[in-house]
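Encoded as structure tokens, the structure appears first; notes follow it.
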Amino acid sequence: APAHPLWPEIERVTLEQLQYARLGVEGGVWQLFAEDGEMKMYKREEEVDGLAVDPLKAVHTVKGVTGREMTHYFFSPDVRFEWETTLEQMKVLETIADDTLVILQIHKRVWPASQRDALFWSHVRRVPNDTDRDAQDIWIACNHSTEHHEAPSNEGKMVRVSLTVCLVCQTSIEPPADGGPVTRDHLTCKITYCSVVNPGGWVPTSALRAVYKREYPKFLKRFTQYVKDRCDKQPILF
Ligand SMILES: CCCCCc1ccc(-c2ccc(S(=O)(=O)CCO)cc2)cc1/C=C\c1ccccn1
């Protein structure tokens, strides 16, 4: 494994997030707050120091793409502005490996809160499916807040959020009955998107919950549609 000071944390958090995502939405602690076709979005209402830090878990099923494709486009900074509508600026501060980056993102100001930025490492990896031999591998992309010497401390201009986000994808293939080639029509990608965002500074709880209720369904719907459009008529990446 690459000798980088962040590597042990990247390894630990990525695998923790994988387990967390695979727990699904059992236990009756998750409250369904948005639904759109196959997409179901759940939250838990939690406050830390009086700040709403509502963990979010979304499950979705997308036809015609693989988990590798879905996590690739989620991870790739080059295409982020094509689907992340709340992004104002983004800078790759460090390329630790071809599957591991440190990114600084400045998000558009969301009234009534002050503008926020997010500084995180971003990692994508394939995880062999240890429970079901003949299933496809699982793919996970994980973003987790970090420090970095190159990130400007904002001297009170911007509030820095802290976040942990993961996108976990499991592909299944229903091979054609006639033994013909597998096409995108035979692909199904089961997605779990998890996020915990601490807004980093005071935001009225009602305003923050309104932002999440509005932005998260839009974000996941737009992102998954973007990947379907990008992959359509392209060779399948398993
Ligand atoms: C008062 C509002 C404060 C929130 C501002 C904010 C902070 C962080 C983030 C955010 C959301 C998703 C990620 S990611 O999943 O890692 C993908 C890469 O961008 C990283 C950051 C967004 C937003 C602002 C809006 C907002 C809130 C939810 C959903 C979508 N947009």
Side-chain angles (χ1 to χ4, degrees), residues 10 13-14 17 20-21 33-34 36 39 41-60 70-93 99-124 139-146 151 154 157-169 191-227:
I10 292 168
V13 172
T14 301
Q17 284 296 301
Y20 174 67
F33 77 90
D36 182 314
M39 183 179 73
M41 219 153 234
Y42 301 81
K43 69 171 178 174
R44 295 210 321 262
E45 296 200 346
E46 287 179 5
E47 303 205 357
V48 172
D49 307 331
L51 277 182
V53 183
D54 298 351
L56 180 129
K57 229 182 218 190
V59 291
H60 196 6
M70 198 57 84
T71 52
H72 165 76
Y73 286 111
F74 183 80
F75 170 81
S76 168
D78 306 347
V79 301
R80 190 154 296 161
F81 283 103
E82 314 214 344
W83 55 269
E84 245 299 20
T85 53
T86 66
L87 210 46
E88 189 170 276
Q89 290 178 49
M90 176 189 67
K91 187 163 185 266
V92 177
L93 297 184
D99 61 6
T100 310
L101 308 168
V102 177
I103 291 178
L104 175 66
Q105 294 193 162
I106 297 178
H107 286 262
K108 292 173 187 159
R109 185 169 180 272
V110 180
W111 185 87
S114 49
Q115 191 163 32
R116 264 129 172 107
D117 68 5
L119 172 63
F120 53 89
W121 52 256
S122 189
H123 176 58
V124 61
W139 281 84
I140 176 169
C142 185
N143 296 338
H144 179 76
S145 289
T146 188
N154 297 309
K157 253 193 343 279
M158 205 92 56
V159 175
R160 180 145 303 163
V161 305
S162 70
L163 58 85
T164 302
V165 164
C166 73
L167 182 75
V168 175
C169 299
I191 294 173
T192 303
Y193 172 82
C194 306
S195 101
V196 180
V197 176
N198 183 318
W202 169 247
V203 185
T205 299
S206 54
L208 191 65
R209 285 180 173 152
V211 167
Y212 289 174
K213 189 174 175 65
R214 184 183 72 236
E215 293 295 337
Y216 270 116
K218 204 165 69 175
F219 153 82
L220 197 60
K221 197 169 150 83
R222 180 180 166 93
F223 168 69
T224 52
Q225 188 55 51
Y226 170 78
V227 176

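One-based numbering, in listed order, for ligands and for the atoms of each.
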Contacts satisfying salt bridge (charged side-chain N to carboxylate O under 4.0 Å, His left out) that involve residues 211-220 (not counting sequence neighbours) are Glu215-Lys218
Atom 25 (C) of ligand 1: of Val197, Thr86, Val203, Asn198, the nearest heavy atom sits on Thr86
Requested in this report: Would you sort out whether Phe74 and Val79 count as a side chain to side chain contact (heavy atoms under 4.5 Å, CB included), showing the intermediate values?
Outcome: CA-CA 8 Å; Phe74 183 80; Val79 301; over 6 Å; no
ring-ring contact (aromatic ring centres under 6.0 Å, His included) filter on His60, not counting sequence neighbours, yields none
I want to know if ligand 1 touches Gln105 in the polar sense, i.e. an N/O pair below 3.5 angstrom. yes
For the 3.5 Å polar cut-off, considering only N or O atoms, please tell me whether Tyr193 and ligand 1 meet it.
yes
* Asked: Are Arg44 and Asp54 within salt-bridge range, i.e. N to O under 4.0 Å?
  -> no
Quiz item: Passes side-chain hydrogen bond (donor to acceptor under 3.5 Å, both in side chains), Gln105 versus Glu88? Steps please.
Solution: CA-CA 8 Å; Gln105 294 193 162; Glu88 189 170 276; over 6 Å; no
Among non-hydrogen protein atoms, atom 1 (C) of ligand 1 lies closest to Ala113 CB, 3.4 Å
At under 4.0 Å between heavy atoms, what of Leu163 touches ligand 1? The answer is side chain
**OP:** Please confirm whether Asn143 comes within less than 3.5 Å of ligand 1 when only nitrogen or oxygen atoms on both sides are compared.
**Re:** yes
When distances are taken from atom 26 (C) of ligand 1, the protein heavy atom at minimum range is Glu215 CB, 3.8 Å
A student checking ligand 1 against Phe219 at a 4.0 Å heavy-atom cut-off should list atoms 15 (O)
Atom 9 (C) of ligand 1: of Arg80, His107, Glu84, the nearest heavy atom sits on His107
Exactly one candidate in Leu101, Val13, Ile103, Asn143 meets side chain to side chain contact (heavy atoms under 4.5 Å, CB included) with Trp121; the answer is Val13
re atom 7 (C) of ligand 1, the protein heavy-atom contact at minimum distance is Val161 CG1, 3.9 Å
The atoms of ligand 1 lying under 4.0 Å from a heavy atom of Arg116, numbered in the order shown, are 3 (C)
Contact region, Leu167 to ligand 1, non-hydrogen atoms below 4.0 Å, reads neither
